[in-house]
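First up is the structure itself, then whatever we jot down about it.
Letters A, B, ... mirror the listed sequences (proteins, then strands); counts begin at 1.
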Number of protein chains: 2
Amino acid sequence: MIKGLEDILNHKSINPTAMRLLVLEFLLKQSSAISLTDVEKGLEPSDRVTLYRVLKKFGEKGLVHSIDDGSGAPKYALCAEDCVAGHHHDFHVHFFCTACRETSCLTKSKIPQVVLPEGFASEEVNLMVKGTCSKCIP
Amino acid sequence: MIKGLEDILNHKSINPTAMRLLVLEFLLKQSSAISLTDVEKGLEPSDRVTLYRVLKKFGEKGLVHSIDDGSGAPKYALCAEDCVAGHHHDFHVHFFCTACRETSCLTKSKIPQVVLPEGFASEEVNLMVKGTCSKCIP
DNA sequence: ATAGGGCTGCAATGGTATTGCAAACTACGG
DNA sequence: CCGTAGTTTGCAATACCATTGCAGCCCTAT
């Protein structure tokens with residue numbers, strides 16, 4: 001199991017340290033995007049700053065992408081597959097459930113093409129939907 | 001002129017105080033969405049907290065909407081037209097130019113319909129595009 | 001005139017990212 | 001096996017930013 005985790009990191013050119021393996025393992029267990037504070041609580045008693053830097057490195061290397069769901073703190077989730085360092089390909093919709101307050105990636109919902117005014121060039125698109133998720137529908 | 005400003009506030013059931021008129025006037029002069037710090041600098045030497053509360057009230061009453069462009073601080077812009085207290089209708093695209101670092105409302109670019117998975121109900125949609133705006137194209 | 005409610009300004013709090021620095025660790029060449 | 005260089009980690013400190021409490025002010029209605 002741990003072996004597989006190491007491979008993942010190596011494949012992204014990230015030195016597989018104990019801390020990073022722990023964070024990666026924790027991320028793999030999540031069903032939704034989580035904040036730095038969530039990681040901190042799940043991996044007690046780890047240092048917050050270290051976790052911050054681990055996630056930052058993961059982001060730089062294209063292992064995770066961060067989502068700003070308006071909660072103030074960024075959420076992190078593992079990238080699908082084909083993200084390379086520096087260029088993310090996560091053109092999917094992010095969903096924030098106002099009931100359970102979970103942020104999740106709707107990898108199957110692609111972001112539709114957006115028509116921009118003349119002279120505007122798009123580099124990155126982020127679509128955030130808020131509402132009620134399937135688990136919280138009454 | 002000031003008379004017109006008062007009308008705007010009254011129409012939204014906001015007591016027209018000096019401070020609020022100033023903020024509204026400042027907002028009307030902007031061509032892009034601005035942060036609380038921007039307002040503070042433009043209206044020196046005003047108290048930041050007061051401006052914060054003014055903007056908050058404007059938001060509650062449907063006069064302005066706030067945009068989270070990922071810069072850490074929310075940006076504010078006047079609502080188009082028919083926003084009512086509590087329910088915003090700003091289904092337009094927000095654009096962040098990575099060159100001039102300005103956030104603007106593309107009121108003509110409507111957010112396309114998003115297909116959500118079964119069981120998901122959408123209440124609010126936010127589409128943030130990052131790239132280069134027409135003024136910054138080489 | 002006065003009492004009450006809304007508005008403002010100041011001070012203080014709390015949560016967050018972010019950086020500097022020194023200790024710990026790791027990989028590697030002798 | 002040892003030491004060294006580079007990476008990683010943990011701690012302390014800093015810097016924003018939103019948000020709240022409180023006290024004084026203004027305006028209005030009675």
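Extent of DNA chain D lying under 4.0 Å from chain B heavy atoms, first and last nucleotide in 5' to 3' order, is D:dC17 to D:dG21.
With sequence neighbours excluded, the residues forming a salt bridge (charged side-chain N to carboxylate O under 4.0 Å, His left out) with B:D69 are B:K75, listed by chain and number. For A:T37, the side chain to side chain donor-acceptor pair (under 3.5 Å) partners at least two apart in sequence or on another chain are A:R48. Residues passing the side chain to side chain donor-acceptor pair (under 3.5 Å) test with A:S35, sequence neighbours excluded: A:D38. Listed by chain and number, the residues in a side chain to side chain donor-acceptor pair (under 3.5 Å) with A:N15 amount to none (sequence neighbours excluded). Scanning for ring pair (Phe, Tyr, Trp, His ring centres under 6.0 Å) contacts around B:F96 gives an empty result, with sequence neighbours left out. B:K41 pairs by the side chain to side chain donor-acceptor pair (under 3.5 Å) definition with nothing, not counting sequence neighbours. Listed by chain and number, the residues in a ring pair (Phe, Tyr, Trp, His ring centres under 6.0 Å) with A:F95 are B:F120 (sequence neighbours excluded).
In this structure, B:L43 places its CG atom 12 Å from P of C:dT8, rounding to the nearest Å. Distance A:M19 CE to C:dA24 C1': 14 Å, rounded to the nearest Å. What separates CG of A:L21 from P of C:dT26 is a distance of 12 Å, to the nearest Å. Counting to the nearest Å, the P atom of C:dG6 and the CG atom of B:L9 are 17 Å from each other.
Among the protein residues, B:T17 comes within range of the sugar-phosphate backbone only, with heavy atoms under 4.0 Å from sugar or phosphate atoms but none that close to a base.
The aromatic rings of B:H65 and B:H92 sit perpendicular, their planes meeting at an angle over 60°, well past the 30° parallel limit.
Contacts classified as salt bridge (charged side-chain N to carboxylate O under 4.0 Å, His left out) and involving residues 112-121 of chain A (residues at least two apart or in different chains) are not found. The list of ring pair (Phe, Tyr, Trp, His ring centres under 6.0 Å) pairs with a residue in residues 22-42 of chain A, not counting sequence neighbours, is empty.
B:L51 approaches B:E40 most closely through the heavy-atom pair CD1-CA, 3.5 Å.
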Heavy-atom contacts, protein to nucleotides 14-20 of chain C, under 4.0 Å, summarised as B (base), S (sugar-phosphate only) or - (none) per nt, yield --SSBBB
What N/O pairs connect the protein and nucleotides 3-5 of chain C at under 3.5 Å? Give each pair on its own line.
none

